[in-house]
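Atom set for the values below is all heavy atoms of this structure, side chains included, hydrogens, waters and symmetry mates excluded.
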Amino acid sequence: GDDTRSVHGDRGRMARSDNTMVAAQMHAAVLHGIEQTPRYEQFPAPVAGDSEVVVTVAAAALKPSDRLMAKGVHYAPRTFPQIVGLDGVGRLPDGTRVGFLPPLRPYGGMAEQALVRDGAWLPVSDGVDDVTAAAFLNPGMAAWKTIIWEGQSDHRVTAPRTLRGMGRGNELSRARLLPGAGLSFA
């Protein structure tokens with residue numbers, strides 16, 4: 001049998017002109033089992049299905065939640081192989097720059113491409129570089145969820161700029177939660 005097809009279904013498949021299927025490949029940080037170190041290797045590239053979009057990844061931050069996933073503690077995968085990374089920053093097929101979360105398994109943010117549900121992203125301003133935006137996703141979304149769960153959707157929130165201007169930890173970036181739970185970066 002075709003192991004790629006049995007593990008990944010039709011995701012990661014591409015039709016050739018002779019109507020046979022071949023797997024398009026990309027590079028990714030691939031986890032092969034709980035408590036194993038992910039390996040940089042080839043992995044079938046995602047193919048979007050209904051209500052799915054392929055994001056071309058520009059940056060993904062390594063966070064404690066990613067490490068806990070690899071250890072099998074938090075968001076632990078049940079099948080392998082899996083690409084690690086619970087979020088990231090990249091571009092949609094139309095060129096729109098976005099922060100995305102969470103990728104659809106077996107895909108993750110630490111790859112050349114990620115597969116996400118249509119609309120499971122936030123626009124990223126041109127004034128923020130990819131690495132800074134990727135570093136802000138996890139703490140920014142944690143703050144956003146806390147405020148939304150408290151029912152307050154139009155308040156100013158500040159968060160330290162994690163990577164821009166290293167050593168200036170007291171410099172703050174402002175994010176404004178808009179009515180309807182939208183998030184914009186000032």
- Message: Could you check whether any side-chain heavy atom of V54 comes within less than 4.5 Å of a side-chain heavy atom of V47, counting everything from C-beta outward?
- Response: no
- Message: Give me the atom names and distance for the closest heavy-atom approach of L86 to P103.
- Response: O-CD, 3.3 Å
- Item | Partner set under ring pair (Phe, Tyr, Trp, His ring centres under 6.0 Å) for H27, not counting sequence neighbours | Y40
- Query: Is any side-chain heavy atom of R117 closer than 4.5 Å to a side-chain heavy atom of L101?
  - Reply: no
- Item | Minimum heavy-atom distance P46-Q113, with the two atoms named | CD-OE1, 3.5 Å
- Item | Side chain to side chain, P38 and V84, heavy atoms closer than 4.5 Å | yes
- Item | Validation row: M26, Y107 side chains within 4.5 angstrom (heavy atoms) | yes
- Message: Looking at every non-hydrogen atom in both residues, tell me the closest pair between M110 and A61 and how far apart they are.
- Response: CE-O, 3.6 Å
- Decide yes or no for P77 and L31: does some side-chain heavy atom of the first lie under 4.5 Å from some side-chain heavy atom of the second? yes
- salt bridge (Lys or Arg N to Asp or Glu O under 4.0 Å) contacts in which one or both residues fall within residues 65-77, not counting sequence neighbours: K63-D66
- For the atom pair CZ (F100) and CG (L122), what is the distance rounded to the nearest 0.5 Å? 11.5 Å
- Heavy-atom pair with the smallest gap, counting every atom of Q82 and P106: OE1-CA, 3.3 Å
- With rounding to the nearest 0.5 Å, note down the distance linking CH2 in W121 to CG in D87. 15.5 Å
- Query: With side chains defined as the heavy atoms from C-beta onward, is the minimum distance between F80 and I34 less than 4.5 Å?
  - Reply: yes
- Within a radius of less than 6.0 Å around CG of D50, do more than 12 heavy atoms belonging to other residues, nucleotides or ligands occur? no
- Query: Which heavy-atom pair separates V98 from V124 by the least distance, and what is that distance?
  - Reply: C-CG2, 3.5 Å
- Task: Report yes if the side chains of V53 and L92 come closer than 4.5 Å at any heavy-atom pair, otherwise no.
- Result: yes
- Item | R97 side chain to P123 backbone, donor-acceptor under 3.5 Å | no
- Query: Heavy-atom distance under 4.5 Å between the side chains of V116 and L104, does that happen here?
  - Reply: no
- Least distance between heavy atoms, A114 atom then V57 atom: N-CG2, 3.8 Å
